[in-house]
Protein chains: 4
Amino acid sequence: MIIEVDFSGDIPIYSQVRDQIVIGIASGQLRPGDALPSVRRLAADIGINVHTVNKAYAILRDEGFIIMDRRSGAEIAAMKKEDGPFIEQLKGRLCPYVAEAMCRQMSLEEFQESVASIYHSLKM
Amino acid sequence: MIIEVDFSGDIPIYSQVRDQIVIGIASGQLRPGDALPSVRRLAADIGINVHTVNKAYAILRDEGFIIMDRRSGAEIAAMKKEDGPFIEQLKGRLCPYVAEAMCRQMSLEEFQESVASIYHSLKM
Amino acid sequence: MIIEVDFSGDIPIYSQVRDQIVIGIASGQLRPGDALPSVRRLAADIGINVHTVNKAYAILRDEGFIIMDRRSGAEIAAMKKEDGPFIEQLKGRLCPYVAEAMCRQMSLEEFQESVASIYHSLKM
Amino acid sequence: MIIEVDFSGDIPIYSQVRDQIVIGIASGQLRPGDALPSVRRLAADIGINVHTVNKAYAILRDEGFIIMDRRSGAEIAAMKKEDGPFIEQLKGRLCPYVAEAMCRQMSLEEFQESVASIYHSLKM
DNA sequence: GTGGTCTAGACCACA
DNA sequence: GTGGTCTAGACCACG
């Protein structure tokens with residue numbers, strides 16, 4: 001799995017790394033039990049600082065996406081269905097995007113179509 | 001319309017102000033042609049610096065949400081339906097959220113239900 | 001001759017009025033000896049403040065484009081060919097535009113073609 | 001490359017800084033890939049505030065002249081030839097200057113000679 | 001080290 | 001009255 005980062009954008013690099021690994025899990029490229037590259041290795045591959053990868057891994061661990069072990073490195077975790085608090089939090093983060101789409105005359109159906117398009121492109 | 005900001009969160013204040021005004025437009029509390037409070041006034045009301053409001057207004061202007069009239073401050077703009085580039089940009093920003101939801105065993109239907117819930121809560 | 005101003009742009013209104021009158025003279029719509037509308041009249045026509053028109057007229061007078069008389073109002077002046085200092089001043093103001101065009105890979109010929117296009121559109 | 005600003009003139013300092021960097025690019029003193037001084041450094045060199053340089057850099061970034069790299073500051077961007085909208089915008093900004101020159105009895109040839117003079121002085 | 005954010009307070013241009 | 005500009009100084013996020 002290839003991770004690419006945009007150094008000029010306004011999204012922090014550690015956040016881009018985190019996002020791409022989450023996308024990798026969602027798309028099935030990374031499955032529960034799979035080993036992630038070591039922090040040093042990934043940092044060298046992408047061409048970024050070790051600290052940056054470290055931060056991304058720590059966030060993924062705190063969010064429950066990966067399990068870190070001092071000896072064997074990091075591996076993808078098996079995640080449980082988490083309903084309550086996550087959905088509320090998600091709504092809060094999604095709200096500005098939905099609002100902007102409404103301002104730009106996008107219908108609910110069009111928005112959901114975009115979501116479905118993302119969903120299916122990941123599912124493949 | 002009341003704007004409240006969270007000083008302790010990690011979202012910049014100017015960004016929160018921008019988001020809340022967009023939400024205000026989407027919900028119909030702010031309609032095209034409505035005047036926005038002056039930067040000084042809004043800054044005083046919220047209890048933040050003038051520059052911070054200024055930055056929020058500048059972003060909203062660049063995004064096409066408001067028009068800065070040299071004579072009388074800012075007012076809500078009438079927005080046209082903008083399809084192509086906006087939708088692609090939106091998908092890019094939405095992708096990590098959809099991916100995370102998939103990792104957490106959320107179905108497409110559940111995700112779209114959340115979107116619909118946000119949509120209808122704004123529409124009211 | 002119709003004068004229109006853009007209230008939302010970043011060019012001061014008095015400057016837009018000044019520019020449009022200069023353009024009117026260049027294009028021959030306004031000829032030496034022609035009377036300009038009174039300050040009050042023009043302000044009412046455009047829908048702007050009297051002070052604003054006043055400032056535009058004062059600038060045009062200082063630049064030698066018009067002659068103002070307390071009794072008979074303002075009229076277009078006959079201008080002499082002015083070489084030395086004006087051309088140097090013009091170059092200074094044009095320089096950033098030429099530089100930007102060069103950065104954007106525009107050739108000298110293309111730039112001059114644009115100038116000619118403006119020239120002929122005014123001359124008609 | 002030396003940047004000097006005129007504190008007494010009516011052109012904003014951030015705009016002067018922006019212009020001089022564009023001129024530097026056009027003249028070849030600054031080439032694509034070259035690193036720009038940090039905002040703090042340039043501010044100290046010129047003797048102005050950090051925010052003022054920041055604004056100049058932000059404008060140059062929005063205009064596509066420079067790229068802000070999260071890791072190492074700003075560098076000159078490689079610009080593509082951009083024809084359509086830029087030329088129209090340029091004509092609009094040039095129009096008042098051409099008009100004024102016509103009023104002052106300057107011929108098209110004389111105007112173009114001035115443009116060529118600027119062009120060649122930068123090209124050297 | 002870099003840029004980004006925020007504050008406080010000042011002055012000016014504009015209308 | 002409005003927004004625009006500039007300053008001085010502080011703190012934080014990022015890498």
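All values below were derived from every heavy atom in this structure, side-chain atoms included, with hydrogens, water molecules and symmetry-related copies excluded. Numbered from 1 within each chain, the chains take letters A, B, ... in sequence-line order.
The CG atom of B:Asp45 lies 14.0 Å from the CZ atom of B:Arg40; values are rounded to the nearest 0.5 Å. From C:Asp19, atom CG reaches atom CG of C:Leu60 across 9.0 Å, with rounding to the nearest 0.5 Å. Summarising the geometry, atom CD1 belonging to A:Ile3 is positioned 4.5 Å from atom CD1 belonging to A:Ile21; distances are rounded to the nearest 0.5 Å. From D:Leu30, atom CG reaches atom CD1 of D:Ile76 across 4.5 Å, with rounding to the nearest 0.5 Å. Atom CG in B:Asp34 sits 12.5 Å away from atom CD1 in B:Ile66 (nearest 0.5 Å).
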*Given Watson-Crick or G-U pairs with both distances under 3.5 Å, what dot-bracket string fits DNA chain F, with | for other-strand pairs and [ ] for crossing?*
||||||||||||||.
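Taking the nucleotide of DNA chain F with the nearest heavy atom to each of A:Ile11 and D:Ile13, the more 5' of the two is matched to D:Ile13. Nearer to the 5' terminus of DNA chain E, by closest-nucleotide assignment, is the contact made by B:Val50 (compared with the other of B:Val50 and C:Pro12). Residue order along DNA chain F, read from the 5' end via each residue's closest nucleotide, puts B:Leu36 first among D:Arg40 and B:Leu36. The residue among B:Phe7 and D:Pro37 whose nearest nucleotide of DNA chain E lies closer to the 5′ end is D:Pro37.
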*Go through the steps for A:Ile48 and A:Phe7 under the test side-chain contact (heavy atoms from CB on, under 4.5 Å), then give the verdict.*
CA-CA 10 Å; A:Ile48 61 177; A:Phe7 296 108; 3.7 Å; yes
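The footprint of chain D on DNA chain F, defined by a heavy-atom cutoff below 4.0 Å, extends from F:dT5 to F:dG15.
Dashed line: the shortest gap from a side-chain N or O of C:Tyr14 to OP1 or OP2 of E:dA15 is not under 4.0 Å.
D:Gln16 contributes a side-chain N or O that, together with a main-chain N or O of D:Ile11, makes up a donor-acceptor pair within less than 3.5 Å. A donor-acceptor distance shorter than 3.5 angstrom exists from the side chain of D:Arg70 to the backbone of A:Gly9, with no hydrogens or angles considered.
E:dA15 atom C1' lies 10 Å from atom NZ of C:Lys55, rounded to whole Å. Between C:Asn49 atom CG and E:dA13 atom P there is a gap of 18 Å when expressed in whole angstrom units.
For A:Asp62, there are no side chain to side chain contact (heavy atoms under 4.5 Å, CB included) partners at least two apart in sequence or on another chain.
Note on A:Ile48: nothing from the nucleic acid sits closer than 4.0 angstrom, heavy atoms only.
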